[in-house]
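The structure appears right after this line, and notes come after that.
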Amino acid sequence: MIKVEVKSIFKSFERPDGKLKVLEDVSIVLNENEFVSILGPSGCGKSTLLRAVAGLLEIDKGKISIDGEISYLRQNSSLMPWRNILENVLLPIEIQKRIKPQYTDELRESFSEFGLSGFEKSMPDEISGGMAKRAALLRTYLEDRNIMLLDEPFSSLDAITRKAMGRWLLEVWNKHRKSVLFVTHDIEEALLLSDRIYIMDNLPSKILETVVPAVGRPRNPESVYEKPFIEQRKHIEKLLI
Ligand SMILES: Nc1ncnc2c1ncn2[C@@H]1O[C@H](COP(=O)(O)OP(=O)(O)O)[C@@H](O)[C@H]1O
Ligand SMILES: [Mg+2]
């Protein structure tokens with residue numbers, strides 16, 4: 001079943017120095033319980049595409065169909081510094097239900113799965129960058145919509161932590177299977193996590209190529225050392241650099 005269908009969309013912005021064409025004839029599909037990545041260099045229009053899917057941006061031409069409800073983790077979205085981690089994570093539920101939610105066993109389990117047990121009462125500036133990213137992801141996950149849009153959820157982390165987060169997300173996704181549109185500029189992350197990768201070009205961007213990772217599921221962190229994985233990584237690097 002198709003959850004998101006983007007059909008031949010165009011988007012440009014008016015800038016002081018003229019019209020900036022950003023998306024030019026972009027089409028993508030997200031099926032139910034697929035993990036689909038949009039991969040491309042910085043500034044190629046990935047966030048613009050996600051904002052359009054989230055319905056936050058009017059497109060010039062084309063069509064976007066959505067089947068279901070969206071939860072959306074914006075690029076660089078941060079935690080509120082005056083709320084502790086639990087209060088931050090529960091904020092969307094609090095707003096939806098208009099009451100402060102209880103810390104149920106189910107929530108306790110989610111906190112543990114997201115590596116946040118024991119940090120419920122910590123303030124955002126008392127936890128590591130990786131933890132803060134996991135807390136933001138948990139906040140999006142708990143909104144419990146059937147489509148998740150994740151815009152570079154691991155940006156601005158050091159390379160080692162970022163790899164660890166990718167591996168962790170693979171494990172969590174293997175368990176829960178959601179329909180995810182994932183924006184990244186990290187080739188290895190995309191190949192490890194995705195069912196399909198849309199590779200975007202420089203501006204005005206279109207989909208350069210659609211890649212289906214050669215290493216099948218179930219994947220594990222060791223998959224990145226397999227030959228087909230390395231070959232594909234090389235191929236994508238050549239496309240982009
Ligand atoms: N609201 C806007 N007004 C004008 N220009 C924009 C706006 N949003 C994005 N852009 C421009 O569109 C291009 C693509 O941006 P973006 O989608 O954020 O790229 P990415 O997420 O791939 O880094 C950039 O050149 C950016 O400056
Ligand atoms: Mg972006």
Side-chain angles (χ1 to χ4, degrees), residues 4 35 37-38 42-43 45-58 66 68-173 175-176 178-186 189 193:
V4 175
F35 194 113
S37 291
I38 298 154
S42 173
K46 303 181 296 297
S47 294
T48 302
L49 175 57
L50 225 59
R51 276 207 295 277
V53 170
L56 300 175
L57 189 77
E58 223 172 290
I66 308 286
E69 288 193 307
I70 284 174
S71 59
Y72 174 33
L73 179 59
R74 288 167 181 74
Q75 187 170 12
N76 300 324
S77 92
S78 50
L79 304 171
M80 291 179 171
W82 60 87
R83 287 185 149 231
N84 69 31
I85 302 309
L86 182 65
E87 290 165 341
N88 261 290
V89 166
L90 295 183
L91 185 60
I93 305 177
E94 196 178 318
I95 292 169
Q96 269 168 38
K97 299 200 172 149
R98 292 166 209 261
I99 48 159
K100 239 187 158 77
Q102 295 292 312
Y103 192 44
T104 56
D105 285 347
E106 203 185 333
L107 268 175
R108 209 179 298 277
E109 201 174 299
S110 296
F111 262 77
S112 155
E113 196 169 20
F114 279 66
L116 296 165
S117 289
F119 292 89
E120 292 86 348
K121 296 276 165 65
S122 301
M123 301 307 282
D125 61 3
E126 294 168 346
I127 62 173
S128 71
M131 259 183 190
K133 300 283 178 191
R134 285 199 300 267
L137 261 177
L138 179 57
R139 182 178 60 190
T140 308
Y141 173 75
L142 289 176
E143 280 184 56
D144 207 19
R145 310 275 166 77
N146 44 24
I147 303 164
M148 280 176 80
L149 309 181
L150 306 177
D151 194 348
E152 306 219 32
F154 306 143
S155 58
S156 74
L157 290 175
D158 62 87
I160 298 168
T161 308
R162 186 178 182 126
K163 272 191 191 206
M165 295 286 283
R167 290 160 185 212
W168 164 80
L169 184 60
L170 177 68
E171 204 176 292
V172 173
W173 186 84
K175 204 167 146 203
H176 296 290
K178 288 224 166 209
S179 312
V180 180
L181 255 188
F182 183 82
V183 165
T184 183
H185 58 252
D186 189 305
E189 202 172 270
L193 289 164

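Just the heavy atoms: all of them, side chains too, but no hydrogens, waters or symmetry mates, feed the values below.
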[X] versus [Y], closest heavy-atom pair with distance:
X      : Y      : answer
Ser47  : Asp151 : OG-OD2, 2.6 Å
Ser155 : Asn76  : OG-OD1, 3.8 Å
Glu143 : Pro92  : CG-CB, 3.6 Å
Leu149 : Ala54  : CD1-CB, 3.7 Å
Ile93  : Pro101 : CG2-CG, 3.8 Å
Arg162 : Phe154 : NH1-O, 3.4 Å

Which value, rounded to the nearest 0.5 Å, describes the distance between [X] atom [atom1] and [Y] atom [atom2]?
X      : Y      : atom1 : atom2 : answer
Lys100 : Leu90  : NZ    : CG    : 8.5 Å
Leu193 : Thr184 : CG    : OG1   : 8.5 Å
Leu181 : Leu73  : CG    : CG    : 13.0 Å
Lys178 : Ile147 : NZ    : CD1   : 10.5 Å
Ile70  : Leu50  : CD1   : CG    : 8.5 Å
Ser78  : Lys133 : OG    : NZ    : 8.5 Å

Answer yes or no: is there a side-chain heavy-atom contact under 4.5 Å between [X] and [Y]?
X      : Y      : answer
Arg74  : Leu56  : yes
Ser77  : Arg139 : yes
Asp125 : Pro81  : no
Val183 : Glu152 : yes
Phe114 : Trp168 : yes

task = Verify side chain to side chain contact (heavy atoms under 4.5 Å, CB included) between Glu113 and Lys175, making sure each step is shown before the conclusion.
result = CA-CA 11 Å; Glu113 196 169 20; Lys175 204 167 146 203; 3.1 Å; yes
request  = Give the C-alpha distance, both sets of side-chain angles, the deciding distance and a yes or no for side chain to side chain contact (heavy atoms under 4.5 Å, CB included) between Trp82 and Glu87.
outcome  = CA-CA 9 Å; Trp82 60 87; Glu87 290 165 341; over 6 Å; no
ask   = Between Ser112 (side chain) and Arg108 (backbone), is there a donor-acceptor pair under 3.5 Å?
value =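 Not at all, since once roles are kept as given, no pair shorter than 3.5 Å links the two residues.
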Might you confirm whether atom [atom1] of [X] has over 12 heavy atoms from other residues, nucleotides or ligands at distances under 6.0 Å?
X      : atom1 : result
Glu171 : CD    : no
Ile160 : CD1   : no
Gln96  : CD    : yes

Residue of the set Asn84, Asn88, Leu79, Ile85 for which side-chain contact (heavy atoms from CB on, under 4.5 Å) holds with Met123 =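 Answer after filtering Asn84, Asn88, Leu79, Ile85: Asn84.
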request  = Could you label the plane-to-plane angle of the Phe35 and Phe182 rings as parallel, tilted or perpendicular, counting under 30° as parallel and over 60° as perpendicular?
outcome  =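 If you compare the ring of Phe35 with that of Phe182, the planes turn out tilted.
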